[in-house]
Amino acid sequence: MFISFFGPSGVGKTTLMESLCRLGKYEIPIFTVTRPMRGDDNVNKFEYLSVDEYLNCRNCNNFFLDMDDGERYYGYKKSILNSQHDLLMYGSPYF
């Protein structure tokens, strides 16, 4: 099962998702992004790519979920589909 959380930065998506993960049956997969790293980002939860690198992955059909507004690119790679847990995912407000 996939559950997506949509909302602007700072509204509590990560806090809610991390709380749900403590229940033991959810997982937050690595989120591939082209935005710069933020000071409060957990580097183990994000993969930071340049736009060119992201578009190359897209062209190779590496994503099962892919979102963008033409400037920012966000996605989840197909490799996360092997998880044994239900996945909690970020949804881009630009999707």
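You'll find the side chain of I3 stays beyond 4.5 Å of the side chain of M89, heavy atoms only. For the pair N61 and K78, the minimum side-chain heavy-atom distance is below 4.5 Å. Contact annotation: the side chain of I80 approaches that of L87 to within less than 4.5 Å [non-hydrogen atoms, C-beta and beyond].
Through chains of ILVMFWY side-chain contacts below 4.5 Å, L55 is grouped with L49, V51, Y54, F63, Y73.
The line from CD of E47 to CD1 of I30 is 7.0 Å long, rounded to the nearest 0.5 Å. Note that the CG atom of L88 and the CE atom of M17 stand 5.5 Å from one another [nearest 0.5 Å]. N56 contributes atom CG, which lies 8.0 Å from atom CG of N62 (distance to the nearest 0.5 angstrom). Between the CD1 atom of I28 and the CG atom of L20 there is a distance of 8.5 Å, given to the nearest 0.5 Å. Expressed to the nearest 0.5 Å, how far CE of M37 lies from OH of Y48 amounts to 5.0 Å. One finds the CG atom of L23 at 11.0 Å from the CG atom of D86 (value rounded to the nearest 0.5 Å).
A donor-acceptor pair under 3.5 Å is absent between the side-chain atoms of K13 and the main chain of S4, judged by distance alone. Here the side chain of E18 pairs no donor or acceptor atom with the backbone of T15 at under 3.5 angstrom.
Only one option out of F31, F6, F5 pairs with Y90 in a side chain to side chain contact (heavy atoms under 4.5 Å, CB included); it is F31. If you run ring pair (Phe, Tyr, Trp, His ring centres under 6.0 Å) between F2 and each of Y76, Y26, F64, only F64 comes through.
Sequence neighbours left out, the pairs with a member in residues 21-38 that pass salt bridge (Lys or Arg N to Asp or Glu O under 4.0 Å) are R35-D41.
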> How far apart are the C-alpha atoms of V33 and R72, what are their side-chain angles, what is the distance that settles it, and do they pass the side-chain contact (heavy atoms from CB on, under 4.5 Å) test?
Replying inline: CA-CA 8 Å; V33 298; R72 294 165 285 230; over 6 Å; no

